[in-house]
There are 2 protein chains.
Amino acid sequence: MTLASHAFPAVQEAPVFRAGLDDCDKAYLGSLGFVLRRYPSHAVIARQGDEQDRIFVMHSGWGCICTELPDGERQILDFPLKGEIVASRPFEGEAAESFISQTELTAFEAPAKALLAGLARSPKFAAVLLGAIARQRAILVQHLTNLGRRSALIRTAHLLLELGTRLEMANAAKRFGFECPLTQYDLADALGLTAIHVNRMLRELRERGYLEFRHGAVHYLNRQGLECFAGFDPGYLRLPGESWGWSESPIP
Amino acid sequence: MTLASHAFPAVQEAPVFRAGLDDCDKAYLGSLGFVLRRYPSHAVIARQGDEQDRIFVMHSGWGCICTELPDGERQILDFPLKGEIVASRPFEGEAAESFISQTELTAFEAPAKALLAGLARSPKFAAVLLGAIARQRAILVQHLTNLGRRSALIRTAHLLLELGTRLEMANAAKRFGFECPLTQYDLADALGLTAIHVNRMLRELRERGYLEFRHGAVHYLNRQGLECFAGFDPGYLRLPGESWGWSESPIP
DNA sequence: GTGGTGTATTAACCTATGTTAAGAACGCCG
DNA sequence: CGGCGTTCTTAACATAGGTTAATACACCAC
């Protein structure tokens, strides 16, 4: 739309917005005041309990959304990936969750009020936003189901498959897997397990010939078998109004 | 607004809407085509996988939102209570969850599209809706944290305290507790436990002098102690823009 | 009354996961 | 190069929670 969109990454190209908006809405989006900011690793980008007035669109790096308990433990709710929205308390009130970077991370930021105004402006814009919120909710629901009703082994597999699929949807996956800078402690906090047990589960997945998680990368050894074993059905990751993936080579 | 609102319960009086909307918005709400419907107990009101085109506002009775796994197990995500919204996939796409009645249940229903249109109509209306969605998300997050990082005993206590507080907010609690027709199997499916273990935990809570769950009702024995023990902080249940509770006797 | 179904309760036993402890591998920095 | 912190890995042991099974209790149909 502008020269800047060639010189700098533009929020309009984020997967959340890319599919659903026409040029007019994208121009409007460009006017909302999104700024690309960079955070170092292990930075607290938004703290649980603070007034929540910004929303984020991930651009690079890894972070997590988590709740912190009085005893110092934490529960990771999700790892927002490239092109996904972070808007924990959509548009009002104090945040119930923290947003923390795991690696160096860049994200677009805008005042939440700007987006709220956009809801009234264009039905298409509203639909895209609500679609993104619905997808986030679906992901949260899967994580909840994971914790409540799946064994540690399947739970671990399910999360890794989900992350891989989401990265593919953002064109950020590798050929045989994906880069994943999470530590086993991070995974443990997301899976409701101990880091030691995560280690056991990763070994088990490797020994069963499903996948390998080493040197900050996940390599599938038998992806189809793993999806079957984990009961992974990626339907919940689809953004409404979007056909499957924007990869160059669509899966039949 | 109309004669009918005296003869029949009106959706405008539901807690979700009651606080935030002015008369004009309430009149609009009344025009959206909400219909009060009655379901028998153990009815499937919306099934996982079906196209989701209605939203509900609970009016009486108990139900649950759950996901069903291939192996026949289920994970209950939440128990929507009187005056709360049920809109699992807000406004589009197929439902990732089922909505099932536990007791006989009545709810207002309207086509989801009607609400979507309301977003553009009035900023206040949009804010109320988004507030309700945000609250639902906060509840989901607490349930997730419950499953991931709290012991079975505290988890059980936390859920019961939450339900009690939500019922109070809807003016639907008793003096010393609340009526709760859930079975121990229902609780187990919500807590990620076995019904047998739920039984053990309820006994433990009773023996410790915290609360009693018998004959379909929860009686607090030492509510303050229990809240402290469970680390229960009801802040996440507040609807944005709402002061604490609309009970006649506000808690200091 | 009798029987039947769903729920609650308890006990005995088993297993998945947590805990503690200790090395090993790797990167970073002097 | 050597030392130090972070992460990974494994083993031995402890326990929370699951499993199986049996009894008791309520409610309803007949």
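These figures come from a predicted structure and were not determined experimentally.
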Which donor-acceptor pairs under 3.5 Å do the side chains of residues 174-182 of chain A make with protein atoms, sequence neighbours left out?
residue	atom	partner	partner atom	Å
A:Lys174	NZ	A:Glu179	OE2	2.7

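- The pair A:Arg203-A:Glu212 fails the salt-bridge criterion, with no side-chain N (NZ, NE, NH1 or NH2) lying under 4.0 Å from an Asp/Glu carboxylate O.
- Once you apply a 4.0 Å limit to the heavy atoms of chain A, the touched nucleotides of DNA chain C run 5' to 3' over C:dT17 to C:dT20.
- For the atom pair CG of B:Leu167 and CD of B:Glu162, the computed distance is 10.0 Å after rounding to the nearest 0.5 Å.
- When DNA chain D is scanned 5' to 3' for any atom under 4.0 Å from a heavy atom of chain B, the first and last hits are D:dG17 to D:dT20.
- Ring geometry for B:Tyr236 versus B:His158: interplanar angle under 30°, hence parallel rather than tilted (30 to 60°).
- Using a 4.0 Å cut-off between charged side-chain N and carboxylate O, A:Arg135 and A:Glu84 make a salt bridge.
- Take the nearest nucleotide of DNA chain C for B:His42 and for B:Arg149: the residue whose nucleotide is more 5' is B:His42.
- Residues of residues 196-223 of chain B having a heavy atom closer than 4.0 Å to DNA chain D, listed by number: B:Ile196, B:His197, B:Arg200.
- Residues B:Ser41 and B:Thr103 have side chains that never bring a donor and an acceptor to within less than 3.5 angstrom of each other.
- A:Arg74 places no side-chain N or O within donor-acceptor distance of the main-chain N or O of A:Asp189, the cut-off being under 3.5 Å.
- Listed in residue order, the members of residues 60-81 of chain B having a heavy atom less than 4.0 Å from DNA chain D come to none.
- Here the two rings, on A:Tyr210 and A:Phe229, have centers that are under 6.0 Å apart.
- Ionic pairing of B:Arg200 and B:Glu204 is not present here: no N-O contact between side-chain nitrogen and carboxylate oxygen is shorter than 4.0 angstrom.
- Taking 4.0 Å as the cut-off between side-chain N and carboxylate O, B:Glu73 and A:Arg150 do not count as a salt-bridged pair.
- Among residues two or more places apart in sequence or in another chain, the ring pair (Phe, Tyr, Trp, His ring centres under 6.0 Å) test is passed with A:Tyr220 by none.
- Remark: aromatic rings of B:Phe56 and B:Phe108 are distant, center separation not under 6.0 Å.
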